[in-house]
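Structure first, then comments.
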Amino acid sequence: SFLSLKFFGLLMMEGAMVFFTLLYVLLFFKSKRENNLTYISWGSFFVGFGYLLKGPILHIYIGLFLLSYLYIKMIRVRKGKLHISFFLIQTERKYIFTFLFSLIVPILWILYLYWFLDSGKELLRFFFITENLGKFYAANQSGLRIWGGWLLYCFPFTIPIIHSFWLAV
C-alpha cells in the first residue's frame, strides 16, 4: 500500500518481510499456474529464512494469505444466497501442507540455539517473551487499537473487504 511504501525506511526489517511475503505469493501463483509443487516448496523454504530476519510474524502474514485465498475460492454468493464449497479444501490441500516446509529452518535454528549455545536459552527467552510479547504489555495499548492500526496500514484493501463482508451479511 502507499503507507507501507511511504514509511518503508522508518520500519525496521519491513523490507525483508515484504520481500519474503511477495516471493512466497509469486511462487504460490506460479506453482498454481504450472501445477508444479516445486515452486511453492521453495517459497515455503524461503519463508523459513525470512523467519530469521523478522520472526514468527512472517508466518502469520503468509497464513493470512492462505486463509484469504481459501476464502475467495470457497465462498460464493449466488442469487443472494451464500454458498460454501468445502470440496476445494481437498483440492488445495497439497498447497497448504507445503507451507509446513517453512518451519524447517526456524525449528533447526531454535534447536541449535537451545542445545548448542550456552546463552541460547536466554536469547530465545528474550526474543519470544521480551521482544515480541513484551511490546503489547509495555505500552498501554488495547487490542482494538492494534487491529485499527492494521486496518489503517492496509487501507487500500480495507474498504473492499468491509464492503464484501457487508454484502455477505
Side-chain angles (χ1 to χ4, degrees), residues 1-32 37-74 89 92-158 161 165:
S1 70
F2 174 71
L3 289 175
S4 64
L5 292 175
K6 182 168 176 47
F7 298 106
F8 199 69
L10 298 175
L11 302 172
M12 186 174 97
M13 299 279 205
E14 297 299 321
M17 186 172 70
V18 169
F19 170 75
F20 284 111
T21 303
L22 291 178
L23 180 66
Y24 180 83
V25 170
L26 173 76
L27 292 174
F28 177 83
F29 284 115
K30 187 169 178 131
S31 180
K32 295 285 292 173
L37 288 177
T38 305
Y39 296 114
I40 188 90
S41 299
W42 277 108
S44 297
F45 190 66
F46 287 132
V47 167
F49 282 107
Y51 171 90
L52 298 177
L53 294 173
K54 196 57 184 163
I57 190 69
L58 184 60
H59 284 84
I60 293 171
Y61 282 138
I62 300 297
L64 287 173
F65 164 72
L66 291 172
L67 285 174
S68 300
Y69 176 78
L70 283 176
Y71 173 79
I72 290 170
K73 288 291 202 177
M74 290 175 54
I89 291 178
E92 302 295 331
R93 179 180 53 195
K94 59 186 176 185
Y95 294 103
I96 295 169
F97 283 133
T98 55
F99 182 61
L100 295 176
F101 288 139
S102 69
L103 299 176
I104 292 172
V105 173
I107 288 172
L108 290 175
W109 177 247
I110 288 170
L111 291 175
Y112 174 77
L113 287 177
Y114 190 79
W115 284 333
F116 297 112
L117 289 181
D118 295 333
S119 60
K121 293 175 189 170
E122 288 298 316
L123 181 64
L124 290 172
R125 185 181 60 74
F126 172 77
F127 179 72
F128 285 112
I129 310 255
T130 307
E131 182 66 22
N132 286 319
L133 294 177
K135 289 178 186 175
F136 297 106
Y137 296 111
N140 193 8
Q141 298 181 27
S142 69
L144 187 61
R145 183 174 179 188
I146 293 170
W147 284 105
W150 274 9
L151 286 175
L152 181 63
Y153 191 72
C154 302
F155 187 71
F157 308 106
T158 305
I161 289 171
F165 180 75

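The structure displayed is predicted, hence computed values, not measured ones.
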**Report entry** Identified side chain to side chain contact (heavy atoms under 4.5 Å, CB included) partner of Met17 from the options Leu22, Leu58, Leu53
**Finding:** Leu58
Query - Which atom of Tyr24 lies closest to which atom of Ser44, heavy atoms considered - result: CE1-OG, 3.5 Å
Report task. Check whether more than 12 heavy atoms from other residues, nucleotides or ligands sit under 6.0 Å from atom OH of Tyr112, and answer yes or no. Result -> no
Query raised in the report: Atom CE of Met74 and atom CG of Leu67: how far apart are they, to the nearest 0.5 Å?
Result: 10.0 Å
Kindly list each side-chain donor-acceptor pair under 3.5 angstrom involving residues 98-111, sequence neighbours excluded, with atom names and distances?
from	atom 1	to	atom 2	distance (Å)
Thr98	OG1	Tyr95	O	2.8
Ser102	OG	His59	NE2	3.2
Ser102	OG	Phe99	O	2.6

Query - Min side-chain heavy-atom separation Tyr61-Leu64 under 4.5 Å - result: yes
Requested in this report: Grab the two heavy atoms, one from Ile40 and one from Phe28, that are nearest each other, plus how far apart they are.
Outcome: CD1-CD1, 3.0 Å
Query raised in the report: From Ile57 CD1 over to Tyr51 OH, what is the distance, rounded to the nearest 0.5 angstrom?
Result: 12.0 Å
Requested in this report: Using a cut-off of 6.0 Å, state whether more than 12 heavy atoms not belonging to Lys32 lie near its atom NZ.
Outcome: yes
Report task. Take the angle between the ring planes of Trp42 and Phe45 and call it parallel below 30°, perpendicular above 60°, tilted in between. Result -> perpendicular
